[in-house]
Colleague: 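Submitted below is the structure of interest, expressed as structure tokens.
None of these values were measured; they are calculated from a predicted model.
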Amino acid sequence: MELPFAESYKIKMVETIKKSTRKQREQWIKEAKYNLFNLKSEQVFIDLLTDSGTGAMSDKQWSALMLGDESYAGATSYYNLKNTIKELLGFEYFLPTHQGRAAENVLFSVLIKEGDIIPGNSHFDTTKGHIEFRKAKAIDCTIDEAFDTELEHPFKGNIDLQKLEETIKKYPKEKIPFIVITVTCNSSGGQPVSMENMKAVRKLAGQHGIPIIYDSARFAENAYFIKKREKGYENKTIKEIVKEMFSYADGMTMSSKKDAIVNMGGFIALNSEDIFKKATVFNIMFEGFVTYGGMSGRDMNALAQGLDEGTEFDYLDTRIKQVEYLGKKLTDFGITVQRPYGGHAIFVDARKFLPNVPKEQLQAQTLAVELYLESGIRGVEIGTLLADRDPETRENRYPALELLRLAIPRRVYTNNHMDVIAVALKNVFDRRGQITKGLKIINEAPIMRHFTVELDKA
Ligand code: F0G
């Protein structure tokens, strides 16, 4: 008999989590203005708000912390991280930042000016936020297949080359400072980009002299999917695949809180010395001196170790199989989720789940609240609230997909927790016919409103 699958690690330290009653949760979510970001973590039983900064570090990462060098300038931890980035990702120049959006802030301060156009694949909200904040425009060139949740396609994060070419031809070259490729594509469901697509975008961009920047938060999960799904890569190591992926990029921004399995941190890595020098000025202004830029020495050390561990096959296999385990359970219960299952999360199709709630009443947010009330599980809306209003018309933007994301922290929960999540969602699914009213906005910020929005029952 074939041995069943088991995690590629054992547990050394645990953290207590507490259940609550439905009555308590009704009170708490009302006090939180129906915004799950406002809940206290003690009010949550299983926290699937994000996989960002919520992972469990390994014994080796904790050991690396102890060896951190806290020198203001020239710390060994900085050089340790610099060498890891060069070896693993191939970039000559790098700047540490305190997280991914800080890397965007610094790099985009150099590259983007008012009126620019940034084509890409479903830009993440902070990426789009930093583009629109500079009065530039993000143009989504993701393939149409990504927007049909039930369609099986191995690389739903791919860029549609025709859409990209049309965009490039429509605007003068100097208006397009770079193309952004998000690996994996968070907003379209943790979906990967194929190596073939990266190569093709490189070729097209090269013909027009446009640089490419990867938004790399989940690059290792992307490499795992390439190994599993793309012909010619099955026998390559994750590290070999990663190296090839980044060989088609001119630079990258990184939120280390995801695939580098640390609780805080980010960086920019580049081939161009010129851009590096320009970015250094902004990094010193916004983040910190060149050799720490928003990170302590110990955190850079843990990050270097995390980059190495996060690109090991056994770790990734454990991680992605857990996400798939949850996905399969939900599919078996008849719940529509983005297929194939994503790298870091399961994305529930809220439009299909709650067809009786009008789209103006925020279907995915309504589903997130219902799941919390049912079981104390906290997911996050990836839908109308996240999409913000159109910066010109100030009308709500209704995105192609209205999703509830169940993001799985790395090395934190067991499959027993996945079972609880699946049954809790099934219980909501069984009474979906009675859910006809959603939520309405009482108060919102002009940009990135989903973090602080205040809601009430519609
Ligand atoms: N890019 C992608 C694809 C992301 O998913 C995120 C963050 C960022 C950039 C920004 O990085 O948080 O370190 O500043 N995503 C988190 C999430 C917040 O929950 O998906 P950050």
Side-chain angles (χ1 to χ4, degrees), residues 89-92 104 107-108 110-113 115-124 127-128 130-132 134 136-148 151 153-189 191-219 222-223 225-226 229-233 236 240-254 268-272 274-275 400:
L89 311 170
F91 293 106
E92 201 62 52
E104 290 164 356
L107 187 62
F108 294 4
V110 178
L111 299 179
I112 300 180
K113 46 184 198 320
D116 279 353
I117 300 292
I118 322 292
N121 54 341
S122 309
H123 313 61
F124 184 66
T127 320
K128 195 189 250 169
H130 275 295
I131 292 170
E132 292 178 352
R134 289 170 174 81
K137 202 169 165 191
I139 297 196
D140 186 5
C141 297
T142 315
I143 56 169
D144 289 336
E145 286 89 334
F147 305 109
D148 178 350
L151 190 92
H153 182 294
F155 293 103
K156 278 184 169 176
N158 277 358
I159 292 209
D160 184 321
L161 296 168
Q162 206 176 328
K163 285 188 202 170
L164 180 62
E165 190 157 16
E166 278 164 17
T167 307
I168 292 174
K169 286 195 171 142
K170 195 167 157 196
Y171 299 95
K173 193 194 130 197
E174 55 283 3
K175 285 256 173 235
I176 309 179
F178 63 94
I179 295 162
V180 57
I181 305 186
T182 316
V183 287
T184 58
C185 200
N186 185 1
S187 313
S188 76
Q191 299 294 323
V193 180
S194 72
M195 195 73 91
E196 190 189 9
N197 193 248
M198 288 182 217
K199 259 193 243 182
V201 173
R202 168 87 268 173
K203 194 164 162 223
L204 185 60
Q207 286 161 1
H208 297 270
I210 302 170
I212 301 172
I213 302 293
Y214 286 5
D215 176 355
S216 320
R218 300 178 182 86
F219 72 96
N222 200 101
F225 285 122
I226 289 176
R229 297 181 187 166
E230 193 162 349
K231 222 171 152 269
Y233 290 92
K236 292 209 191 280
E240 284 166 345
I241 296 172
V242 163
K243 200 62 166 288
E244 185 181 339
M245 279 167 56
F246 284 104
S247 74
Y248 306 124
D250 296 283
M252 64 183 281
T253 53
M254 176 70 186
I268 299 164
L270 296 160
N271 287 328
S272 158
D274 177 48
I275 300 173

Colleague: Is there side-chain contact between K199 and E244, with at least one heavy-atom pair below 4.5 Å?
Modeller: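 They are in contact (side-chain heavy atoms under 4.5 Å apart), so the answer is yes.
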Colleague: Measuring from atom CD1 of I118 to atom NE2 of H123, what distance do you get when rounded to the nearest 0.5 angstrom?
Modeller: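 It comes to 7.0 Å.
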Colleague: What is the distance from atom OG of S194 to atom CD1 of I143, rounded to the nearest 0.5 Å?
Modeller: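 It comes to 8.5 Å.
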Colleague: The test is side chain to side chain contact (heavy atoms under 4.5 Å, CB included); show your working for Y248 and N197 and say whether it passes.
Modeller: CA-CA 10 Å; Y248 306 124; N197 193 248; over 6 Å; no
Colleague: Ring centres under 6.0 Å, that's the criterion: do F108 and F178 meet it?
Modeller: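 F108 vs F178: aromatic centres under 6.0 Å.
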Colleague: Less than 4.5 Å apart, any side-chain heavy atom of I181 and any of I159?
Modeller: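 They are in side-chain contact.
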Colleague: For N121 and T182, run side chain to side chain donor-acceptor pair (under 3.5 Å): C-alpha distance rounded to whole Å, both residues' side-chain angles, the deciding distance at 0.1 Å, then the answer.
Modeller: CA-CA 6 Å; N121 54 341; T182 316; 3.2 Å; yes
Colleague: I want to know whether F246 and F219 have ring centres closer than 6.0 Å.
Modeller: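 Yes, close enough.
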Colleague: Taking it one step at a time, do D250 and L270 satisfy side chain to side chain contact (heavy atoms under 4.5 Å, CB included)?
Modeller: CA-CA 6 Å; D250 296 283; L270 296 160; over 6 Å; no
Colleague: Apply the test side chain to side chain contact (heavy atoms under 4.5 Å, CB included) to residues R134 and K113: give CA-CA distance (whole Å), side-chain angles for both, the deciding distance (0.1 Å), then the verdict.
Modeller: CA-CA 6 Å; R134 289 170 174 81; K113 46 184 198 320; over 6 Å; no
Colleague: With heavy-atom distances below 4.5 Å as the criterion, would you say the side chains of E196 and E230 are in contact?
Modeller: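 E196 vs E230: side chains touch.
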Colleague: Going by heavy atoms in the side chains, are I112 and I131 under 4.5 Å from each other?
Modeller: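 Yes - at least one pair of side-chain heavy atoms lies under 4.5 Å apart.
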Colleague: Say whether, by atom type as modelled, one donor and one acceptor occur between the side chain of N222 and the main chain of V193 under 3.5 angstrom.
Modeller: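 Indeed, once roles are kept as given, a pair shorter than 3.5 Å links the two residues.
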Colleague: Got a sec: does the NZ of K137 have more than 12 other heavy atoms crowding it under 6.0 Å?
Modeller: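 At most 12 heavy atoms, drawn from other residues, nucleotides or ligands, come within 6.0 Å of this atom.
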Colleague: Please report the interatomic distance CZ(F91) to OG(S272), rounded to the nearest 0.5 Å.
Modeller: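 The OG atom of S272 is 11.5 Å from CZ of F91, to the nearest 0.5 Å.
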Colleague: Could you go step by step and tell me if E104 and T253 meet the side chain to side chain donor-acceptor pair (under 3.5 Å) rule?
Modeller: CA-CA 6 Å; E104 290 164 356; T253 53; 4.8 Å; no
Colleague: Using every non-hydrogen atom in the two residues, find where F147 and A400 come nearest and quote the distance to one decimal.
Modeller: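 Scanning both residues, the minimum pair turns out to be CD2-CB, 3.5 Å.
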Colleague: I'd like to know if K169 pairs up with E165 as an ion pair, taking the criterion as any Lys NZ or Arg NE/NH1/NH2 lying under 4.0 Å from an Asp or Glu carboxylate oxygen.
Modeller: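 Salt bridge present between K169 and E165.
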Colleague: Indicate whether the side chain of T142 and that of S122 have a donor and an acceptor atom separated by less than 3.5 Å.
Modeller: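 Yes, side-chain donor-acceptor contact under 3.5 Å.
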Colleague: Could you give the distance from CD1 (I176) to OH (Y171), rounded to the nearest 0.5 Å?
Modeller: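 Nearest 0.5 Å value for the CD1-OH distance: 8.0 Å.
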Colleague: Is any side-chain heavy atom of N158 closer than 4.5 Å to a side-chain heavy atom of Q191?
Modeller: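 Answer no - side chains too far apart.
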Colleague: Determine the minimum heavy-atom distance between P211 and P177, stating which atoms define it.
Modeller: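 Answer, listing the atom of P211 first, then P177: CD-O, 3.2 Å.
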Colleague: Under the side chain to side chain contact (heavy atoms under 4.5 Å, CB included) test against V183, which residue among R218, M252, M198 passes?
Modeller: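 Going through R218, M252, M198 one by one, the side chain to side chain contact (heavy atoms under 4.5 Å, CB included) with V183 is satisfied by M198 alone.
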Colleague: Determine whether K203 and Q207 make a side-chain contact, defined as any pair of heavy atoms from C-beta on separated by less than 4.5 Å.
Modeller: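 In contact.
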Colleague: Quick check for you: to the nearest 0.5 Å, what is the distance between L164 atom CG and H208 atom NE2?
Modeller: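 Spacing of CG (L164) from NE2 (H208) equals 8.0 Å.
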Colleague: Within a strict 4.5 Å, meaning less than it, do heavy atoms of the C141 and T167 side chains meet?
Modeller: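 With C-beta onward as the side chain, the pair touches.
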Colleague: Show the nearest heavy-atom pair for residues P192 and T184, with the distance to one decimal.
Modeller: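 Heavy-atom minimum between the residues: CA-CG2, 4.0 Å.
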Colleague: Find the distance between CD1 (I179) and CD1 (I139) and round it off to the nearest 0.5 Å.
Modeller: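 So the CD1 of I179 and the CD1 of I139 are separated by 11.5 Å.
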Colleague: Between K156 and D148, is there a salt bridge with N-O shorter than 4.0 Å?
Modeller: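 No.
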Colleague: If the threshold is 4.0 Å, N to carboxylate O, is there a salt bridge linking K163 and D144?
Modeller: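 Salt bridge between K163 and D144, a charged N being under 4.0 Å from a carboxylate O: yes.
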Colleague: Any side-chain heavy-atom pair from E145 and F155 closer than 4.5 angstrom?
Modeller: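 E145 does not reach F155 side chain to side chain.
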Colleague: What's the shortest heavy-atom distance between K175 and G115, and which atoms?
Modeller: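 Result for this residue pair: CD-O, 3.4 Å.
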